[in-house]
Amino acid sequence: MRTLPVLFCCLVPSTGAALSCSGTGPPWSVAIEGEAATLTLANEEKTYDVRLATKALNEQETVAYTLIGARDTAILIVFPASCNANTHAAHLLTQQNQSPILITGCCVLDD
């Protein structure tokens with residue numbers, strides 16, 4: 001599988017800024033910096049490689065990040081939206097044990 005780092009231009013610029021997203025019900029957070037991601041869910045922290053970042057065809061600011069871990073995967077979809085005090089919202093599709101889950105939250109671009 002080929003990595004496309006150029007797609008990080010809009011949400012994770014090459015200046016070293018990072019994308020951080022979080023939500024509740026259940027509490028979760030994900031941090032993406034470069035080609036690495038850390039997901040915390042149910043008090044368990046996992047690391048992932050960001051294998052692909054794909055812009056939506058009809059909305060260039062919407063990006064789907066494909067996260068590949070040692071034992072599981074996740075898809076983080078980040079899109080423009082007013083979300084608390086942030087300018088982007090997110091949907092995270094992953095799994096807890098054998099059950100797939102979809103959770104939502106807000107994102108911020110850290111300087």
Side-chain angles (χ1 to χ4, degrees):
M1 188 174 289
R2 209 173 84 190
T3 303
L4 300 174
V6 71
L7 294 176
F8 287 100
C9 69
C10 299
L11 295 174
V12 183
S14 60
T15 59
L19 176 68
S20 300
C21 303
S22 62
T24 58
W28 68 275
S29 66
V30 64
I32 296 176
E33 190 163 353
E35 294 182 8
T38 303
L39 170 64
T40 303
L41 176 63
N43 295 321
E44 184 178 350
E45 184 175 285
K46 298 179 182 180
T47 58
Y48 296 84
D49 292 328
V50 180
R51 294 284 178 93
L52 194 61
T54 308
K55 290 183 181 180
L57 291 177
N58 61 343
E59 176 58 58
Q60 290 296 297
E61 289 188 54
T62 298
V63 181
Y65 296 92
T66 303
L67 311 178
I68 307 295
R71 303 191 78 160
D72 58 359
T73 62
I75 303 291
L76 178 69
I77 300 172
V78 179
F79 55 96
S82 179
C83 190
N84 296 332
N86 303 314
T87 60
H88 286 80
H91 296 303
L92 177 70
L93 177 61
T94 188
Q95 62 275 339
Q96 269 184 318
N97 302 316
Q98 300 292 324
S99 300
I101 59 171
L102 175 64
I103 48 183
T104 62
C106 301
C107 298
V108 63
L109 183 63
D110 300 325
D111 293 326

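Counting only residues at least two apart or in different chains, salt bridge (charged side-chain N to carboxylate O under 4.0 Å, His left out) contacts with residues 81-107 are absent. Residue pairs meeting the salt bridge (charged side-chain N to carboxylate O under 4.0 Å, His left out) criterion with at least one partner in residues 87-103, sequence neighbours excluded, do not occur; the list is empty. Residue pairs that meet the salt bridge (charged side-chain N to carboxylate O under 4.0 Å, His left out) test with at least one member in residues 86-101, sequence neighbours left out, do not exist here.
Paired with W28 under the rule side chain to side chain contact (heavy atoms under 4.5 Å, CB included), one option of L41, T94, T40 passes, and it is L41. If you run side chain to side chain contact (heavy atoms under 4.5 Å, CB included) between L67 and each of V50, T47, L39, D49, only V50 comes through.
For the cysteine pair C107 and C21, the distance separating the two SG atoms is below 2.5 Å.
Here S22 pairs with nothing under the side chain to side chain donor-acceptor pair (under 3.5 Å) rule; sequence neighbours left out. Looking at residues two or more places apart in sequence or on another chain, you find no side chain to side chain contact (heavy atoms under 4.5 Å, CB included) involving L57.
Under a hydrophobic clustering in which Ile, Leu, Val, Met, Phe, Trp and Tyr are joined whenever their side-chain heavy atoms come within less than 4.5 Å, directly or via other members, L19 and I103 fall into the same cluster.
In this structure a side-chain-to-backbone donor-acceptor pair under 3.5 Å is present from Q60 to A56.
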With a cut-off of 3.5 Å and sequence neighbours excluded, list every side-chain donor-acceptor pair involving residues 69-87.
from	atom 1	to	atom 2	distance (Å)
D72	OD1	Y48	OH	3.2
D72	OD2	K46	NZ	2.8
D72	OD2	Y48	OH	3.4
D72	OD2	Q95	NE2	3.2

